[in-house]
Amino acid sequence: MTVQTTGSRTAVPEGISAVNLADPKSFLENDMDAYWRRLRADHPAYRHGRDGEYPEFWVVSRYADVMALYRDDRRLTSEKGNVLVTLLAGGDSAAGQMLAVTDGRRHKDLRNVMLRAFSPRALAHVTDLVRTNTRALVSDFVRRGSGDFAAEVASVIPMTTVGGLLGVPQRDHPYLLGLTKSSLSSDEADQAPEEAFLARNEILLYFSDLVAERRADPQDDVITTLTQSDIDGVPLTDQDIVFNCYSLILGGDETSRLSMIEAVHALSREPEQWRRLKQGEVTLDSAVEEILRWASPAMNFGRRALVDIELHGETIKAGDVVTLWNISANRDDAVFDDPFTLDLGRTPNKHITFGYGPHFCLGAYLARVEVKEMLDALRTFTTGFELTGEPRRIHSNLMTGMSYLPVGFTADEAGLATAGS
Ligand code: HEM
């Protein structure tokens with residue numbers, strides 16, 4: 001690796017500065033594990049694009065710093081966006097209305113309203129749905145023997161889950177799935193940015209109609225709960241509700257889908273870990289946490305600094321964009337022993353896959369249920385599985401994982417007998 005003379009405090013090696021983290025291609029073309037290792041060790045507060053070639057933002061890669069900055073809603077704001085693309089565009093039009101891009105008192109109040117919608121009663125119905133659905137999809141897939149696990153199984157579950165929670169009619173799930181897939185990432189390298197924009201708009205329009213329907217004809221679902229909620233006596237507006245439905249569908253779909261796909265991908269390459277799971281040598285709960293750490297489907301989130309912040313000898317200036325890299329923090333050997341080893345029995349396992357602090361993922365419980373039911377179905381219905389072709393990765397600077405996972409399963413006949421037909 002050659003070293004550039006940039007005039008900065010610590011010269012950044014070319015191998016680091018040549019990687020454009022805003023470009024989805026970078027995650028497919030580079031050895032990112034090596035990149036993050038290097039950044040954590042030598043450039044824990046790294047100013048990306050300091051030479052003007054790439055977009056400028058700070059990159060925070062160590063676990064302790066990522067945690068501290070997630071927690072710090074006094075010096076950092078989410079109201080200018082929490083994902084790189086909106087932060088770089090200058091802001092988020094849903095600021096102050098959509099939970100993830102709202103700060104302070106309003107965020108707390110809105111979060112309490114949303115938490116009511118995630119009450120044990122609402123979730124009991126949804127978790128039953130996840131279990132039934134996952135068992136049916138996985139057992140059918142195992143009976144067929146092989147196929148694309150991503151499309152045929154993992155894609156269907158999160159949409160049913162969040163759709164069930166929100167009260168989206170089953171017939172509309174495929175339509176929404178198509179839209180969410182093009183909103184945050186892309187299965188294709190050449191998707192134009194306008195397509196993502198259009199897809200996001202269509203999701204908003206879809207939910208505007210559904211909110212109007214629920215106001216006219218209340219049901220037992222989250223949208224109805226939100227139409228009946230208020231903050232300090234002021235009802236939520238249609239727009240408040242639409243933005244938050246949008247955030248639930250986007251937040252809850254792709255992340256969980258990618259985690260389940262990675263579970264099968266990782267276990268197909270790690271026979272010893274699969275054996276431990278199959279034979280009950282590790283608990284489902286610890287296996288779920290390790291899959292979530294391993295997959296880290298949401299690679300990063302971002303904030304904008306409200307004041308100057310000193311970090312490792314660098315000054316993050318008020319107004320600067322700061323990105324917090326979960327994918328790197330989850331492989332930080334200051335916190336995780338042997339972080340590049342998949343260990344389904346890993347304890348403790350305080351991964352940062354769901355973020356931390358005031359914006360900690362609202363759907364973490366549901367996501368854990370989804371991954372748990374997936375692992376349970378796998379260990380019940382199959383004795384083993386292997387890849388039958390080359391998987392394909394998604395294109396994104398926000399999410400990571402596979403869009404295509406060809407896999408062949410060997411049936412566990414005794415397990416399948418418990419599935420029904
Ligand atoms: C927030 C990750 C599943 C809804 C977050 C954040 C992360 C995250 C890292 C913090 C964002 C920030 O600090 O700016 C994940 C992962 C998931 C997952 C990795 C699956 C494995 C879900 C599900 C739902 C959901 C299933 C909904 C049903 C949300 C919402 C927020 C959020 C509404 C915003 C919370 C707030 O700002 O207070 N998620 N998520 N997520 N997530 Fe998730």
Side-chain angles (χ1 to χ4, degrees), residues 60 66-67 69-73 76-84 86-87 92 94-104 106-115 117-118 122-123 126-127 129-130 154 157-166 168 180 184 221-222 226 241 243-263 288-289 291-304 322-327 329-330 351-374 398-401:
V60 178
V66 170
M67 289 269 271
L69 295 184
Y70 264 130
R71 201 169 34 208
D72 195 346
D73 60 348
L76 292 154
T77 175
S78 295
E79 294 214 344
K80 300 285 182 201
N82 73 332
V83 301
L84 191 54
T86 44
L87 282 160
D92 194 310
Q97 287 186 286
M98 187 166 84
L99 192 63
V101 288
T102 300
D103 288 340
R106 178 83 190 169
H107 173 259
K108 211 182 226 155
D109 289 342
L110 193 56
R111 194 167 160 108
N112 283 337
V113 166
M114 305 268 291
L115 280 171
F118 280 72
L123 291 187
V126 178
T127 55
L129 198 71
V130 173
I157 295 166
M159 186 49 74
T160 316
T161 311
V162 192
L165 187 76
L166 289 171
V168 172
T180 60
L184 292 183
D221 58 34
V222 166
L226 294 177
I241 301 171
F243 277 142
N244 284 294
C245 290
Y246 167 88
S247 125
L248 289 176
I249 211 104
L250 284 193
D253 176 46
E254 184 158 32
T255 47
S256 310
R257 167 157 38 97
L258 294 172
S259 307
M260 288 186 270
I261 297 170
E262 185 52 30
V288 167
E289 296 312 313
I291 291 295
L292 288 167
R293 181 190 76 89
W294 190 254
S296 298
M299 288 193 289
N300 68 88
F301 276 101
R303 302 285 189 263
R304 210 172 259 276
V322 183
T323 53
L324 311 175
W325 289 81
N326 305 340
I327 186 117
N330 277 343
H351 62 74
I352 208 157
T353 299
F354 294 117
Y356 190 69
H359 289 279
F360 178 79
C361 177
L362 198 70
Y365 173 78
L366 266 189
R368 287 182 159 119
V369 167
E370 287 174 308
V371 176
K372 188 169 176 174
E373 291 301 342
M374 174 57 61
L398 172 65
M399 302 280 169
T400 184

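Note that ligands are numbered from 1 as they come in the structure, with each ligand's atoms numbered from 1 the same way.
- Within 6.0 Å of the OH atom in Tyr365, the count of heavy atoms belonging to other residues, nucleotides or ligands does not exceed 12.
- Annotation: salt bridge (charged side-chain N to carboxylate O under 4.0 Å, His left out) contacts involving residues 359-371, sequence neighbours excluded, comprise Glu289-Arg368.
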Ligand 1 N/O to protein N/O, distances under 3.5 Å:
| unit_1 | atom_1 | unit_2 | atom_2 | d |
| --- | --- | --- | --- | --- |
| ligand 1 | 13 (O) | Arg303 | NH2 | 2.7 |
| ligand 1 | 14 (O) | Asn82 | ND2 | 2.9 |
| ligand 1 | 14 (O) | Arg303 | NH1 | 2.9 |
| ligand 1 | 14 (O) | Arg303 | NH2 | 3.4 |
| ligand 1 | 37 (O) | His359 | ND1 | 2.6 |
| ligand 1 | 38 (O) | His107 | NE2 | 2.8 |
| ligand 1 | 38 (O) | Arg111 | NH1 | 2.6 |
| ligand 1 | 41 (N) | Gly251 | O | 3.4 |

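- With sequence neighbours excluded, the residues satisfying ring-ring contact (aromatic ring centres under 6.0 Å, His included) with His107 are His359.
- For Asp221, the side chain to side chain contact (heavy atoms under 4.5 Å, CB included) partners are Arg214, Gln219, Ile223, Thr224, not counting sequence neighbours.
- Arg304 places no side-chain N or O within 3.5 Å of a backbone atom of Thr77 that could act as its donor or acceptor partner.
- When only modelled atom types and interatomic distance are considered, Asn300 and Thr323 share no side-chain donor-acceptor pair under 3.5 Å.
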